[in-house]
Enquirer: 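This is the structure, below, for whatever I ask next.
In what follows, chains are A, B, ... by sequence order, proteins preceding strands, each numbered from 1.
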Number of protein chains: 2
Amino acid sequence: MTQDKVISFSSIKIDCKSCNLTTLCLPLGLESAEIGRLEEIIKRSRPLHRGDQLFHAEQGFHSLYVIKTGSVKTFLPEPDGGEQVLGFHLPGEVIGMDGIESERYHCSAKVLETSAVCEVPFDRLEALTHDIPSLQHQLYRLMSKEIGQETDMLALLGSKSAEERLAAFVLGLSERFKRRGFSATDFHLSMSRHDIGSYLGLAVETISRLFSRFQEEGLLKVERKHLQLTNLAGLQAMAKGCGLEPRRQKHGG
Amino acid sequence: MTQDKVISFSSIKIDCKSCNLTTLCLPLGLESAEIGRLEEIIKRSRPLHRGDQLFHAEQGFHSLYVIKTGSVKTFLPEPDGGEQVLGFHLPGEVIGMDGIESERYHCSAKVLETSAVCEVPFDRLEALTHDIPSLQHQLYRLMSKEIGQETDMLALLGSKSAEERLAAFVLGLSERFKRRGFSATDFHLSMSRHDIGSYLGLAVETISRLFSRFQEEGLLKVERKHLQLTNLAGLQAMAKGCGLEPRRQKHGG
DNA sequence: CGTACTATTGAGCGCTCTCAAAACCAGTGG
DNA sequence: CCACTGGTTTTGAGAGCGCTCAATAGTACG
């Protein structure tokens, strides 16, 4: 029960010990009575499995979802049945905030591996943020952070080469795993090469070729879904476009 | 004074008659006393001119800014002095929300033409949203909308060809001018070709060439900064990638 | 052990890039 | 008024990155 409290509390707070997520946010400083109220509105879900869909684009919006364990991808469905991947989400992260404006989800969300996810009905959360100013502030911060992250992604897609994008991608994952207390150099890719390609605006084949090249260059080792980063500094240099030989173009040249 | 009230009210409401912006949002339904309180916190600014900077990336965050007239671009400064353009902002739009999370602006904002901009200190706005639930809801919606728009841009950059991007861009501008009560087919581009290219992830030369080609194809007429859309349906088809001849790639192949 | 899906690798091409230069425009000062 | 200067836009030529197509290998599942 105490354990449950911690989980519920931290699900919103995004500062969740049970999710190994201790540094993302400032403490909320809620009173225990307030924690209880927050707990009340959170629906715990049974385990979800690979391919399960949390919500669909255009579907009526009611709740935010907090990833507790596992991973989730968000994407924009395309008319031809394809998926434009928008992001990969790890424990402690919140999705669904794009649905508030129109009261319909803007994107779809699909579970990448067996995962646990909390549902937080937004109308009740909104009412609670009205009663608890620090929670209100936290929600503003959360949405602001989302905007900033998408902004960074726009810059990546707008001006980086394929190798810069992939290097930045694996380093981003590394950083996020590290914050969660997992290894920063050794982790599992729950998404397919296809999803990575879609996310980075590249073809599947390009992802595969780059992984092979990075491995040849000793930057990392990749075996199917397992990734081991063997030269973080080299990857960082590559992500910044400061590769050994000066290159300065996205593609073409 | 009544006129001023309308402006202040609508600056936050994003439903501003004086900005020709009547359809963007639902009414807030504020009491006149509440309107007064909102008015109090808004700082009106003197006119700004082309090149004036509203805020810089990494600078301490204190306020949101609402464009009243003119236009503003937001961008991420690059180490080499370049600018990765993130968006162009028209009257009624709010910028600076990316600064809430870290209490530093995430991007920079520069005025594109003579403009009027309201400053809204965020701490005071936040306090006010606590007192006025409908205002709180409106701010959530505003941030949610921003997330959705950036999402759409990610999809554009991730999977569209150059011609699809430019067609979508001019149509997006057209739509936004239309909502503001201006002509949807005849308007002024306050940003340079360079800015458009950066925004769309394309080279300046590509923008210029595409404008020329679109003109040859009778889709639009362009003369320096003046744009006239002569075939909206054709542009829409092009933006969707349903051009006359089937094409299905971003670049290459 | 067959079927379907995912990943890898190769061959070839074209979209969009870079480089380069000319045309055009705006502002300044003589 | 015009030459000068700096910036923006246009246009051309050529090249390369990342694409598509295609085929092979590896993996998952029944």
Side-chain angles (χ1 to χ4, degrees), chain A residues 49-51 80-83 85 112-114 156-167 188-216 221-227 238 241 243 245-253, chain B residues 49-51 80-83 85 112-113 156-167 188-198 200-216 221-227 238 241 243 245-253:
Chain A
H49 301 98
R50 177 172 182 80
D80 59 5
E83 300 176 347
V85 174
L112 288 169
E113 61 192 315
T114 302
L156 186 84
L157 293 181
S159 63
K160 301 284 190 173
S161 71
E163 65 176 30
E164 289 166 348
R165 295 183 200 185
L166 188 62
H188 178 83
L189 297 171
S190 61
M191 69 296 290
S192 69
R193 304 284 193 271
H194 189 87
D195 285 340
I196 298 174
S198 171
Y199 180 57
L200 298 177
L202 299 170
V204 195
E205 296 94 328
T206 302
I207 303 299
S208 189
R209 268 184 264 268
L210 283 175
F211 269 141
S212 300
R213 213 184 76 203
F214 285 4
Q215 185 162 264
E216 283 169 22
K221 284 178 186 164
V222 59
E223 190 186 338
R224 189 122 190 105
K225 300 262 187 193
H226 181 83
L227 202 58
M238 179 155 283
E245 307 104 48
R247 303 258 194 97
R248 58 193 68 87
Q249 67 190 16
K250 313 170 218 187
H251 52 264
Chain B
H49 301 99
R50 177 171 182 80
D80 60 3
E83 300 175 348
V85 174
L112 287 169
E113 63 192 314
L156 188 82
L157 293 181
S159 64
K160 300 285 190 171
S161 71
E163 66 177 31
E164 288 166 350
R165 294 183 200 185
L166 189 60
H188 177 83
L189 298 170
S190 60
M191 69 295 289
S192 68
R193 304 284 193 269
H194 188 86
D195 286 339
I196 298 174
S198 171
L200 298 177
L202 299 170
V204 195
E205 296 93 329
T206 302
I207 303 298
S208 187
R209 266 185 266 269
L210 283 175
F211 269 141
S212 299
R213 214 185 75 201
F214 285 4
Q215 184 162 266
E216 283 170 21
K221 284 180 186 165
V222 58
E223 191 186 338
R224 191 129 188 97
K225 300 263 187 193
H226 180 82
L227 200 58
M238 179 154 285
E245 307 104 47
R247 303 257 194 96
R248 59 194 66 90
Q249 68 190 17
K250 313 168 218 188
H251 52 265

Enquirer: Tell me which of B:Arg224 and A:Leu210 sits closer to the 5' end of DNA chain D, going by the nucleotide each one is nearest to.
Expert: B:Arg224
Enquirer: Between D:dC17 atom P and A:Met238 atom CE, what is the distance in whole Å?
Expert: 13 Å
Enquirer: Check this one for me: any side-chain N or O of A:Lys225 less than 4.0 Å away from OP1 or OP2 of D:dT27?
Expert: no
Enquirer: Please check the phosphate of D:dC17 (OP1 and OP2 only) for any side-chain N or O of A:Ser161 closer than 4.0 Å.
Expert: no
Enquirer: Counting the atoms with a prime plus P, OP1 and OP2 as sugar-phosphate, which does B:Ser208 contact under 4.0 Å by heavy atoms, base, sugar-phosphate, or nothing?
Expert: base
Enquirer: How far apart are the closest heavy atoms of B:Leu112 and B:Ser190, and which atoms are they?
Expert: CD1-OG, 3.7 Å
Enquirer: In the structure I gave you, are the side-chain heavy atoms of B:Asp195 and B:Ser198 within less than 4.5 Å of one another anywhere?
Expert: no
Enquirer: Distance check, rounded to the nearest 0.5 Å: A:Met191 atom CE versus A:Glu113 atom CD?
Expert: 8.5 Å
Enquirer: Quick one: is B:Thr206 getting a side-chain N or O under 4.0 Å of the C:dC15 phosphate, OP1 or OP2?
Expert: no
Enquirer: Please state how far atom CZ in A:Arg165 lies from atom C1' in D:dC17, giving the value in whole angstrom units.
Expert: 11 Å
Enquirer: Provide, to the nearest angstrom, the distance between the CG atom belonging to B:Leu166 and the P atom belonging to D:dT10.
Expert: 11 Å
Enquirer: Is it the case that the base of C:dG10 and the side chain of A:Arg209 share a donor-acceptor contact (distance under 3.5 Å, atom types as modelled)?
Expert: yes
Enquirer: In whole angstrom, what separates B:Arg213's CZ from C:dT16's P?
Expert: 8 Å
Enquirer: To the nearest 0.5 Å, tell me how far B:Ser208 OG sits from B:Arg213 CZ.
Expert: 13.0 Å
Enquirer: Compare every heavy atom of B:Phe214 with every heavy atom of B:Leu166, then report the nearest pair and how far apart it is.
Expert: CD2-CE2, 3.9 Å
Enquirer: Give the rounded distance in Å between these two atoms: CZ of A:Arg193 and P of C:dT8.
Expert: 4 Å
Enquirer: Distance check needed: C:dA7 C1' versus A:Asp195 CG, whole Å only.
Expert: 13 Å
Enquirer: Without decimals, in angstroms, what is the distance between A:Ile207 CD1 and C:dT6 P?
Expert: 15 Å
Enquirer: Provide, to the nearest angstrom, the distance between the CG atom belonging to A:Leu200 and the P atom belonging to D:dG18.
Expert: 12 Å
Enquirer: Return whichever of A:Glu205 or B:Val222 has its heavy-atom-nearest nucleotide of DNA chain D closer to the 5' end.
Expert: B:Val222
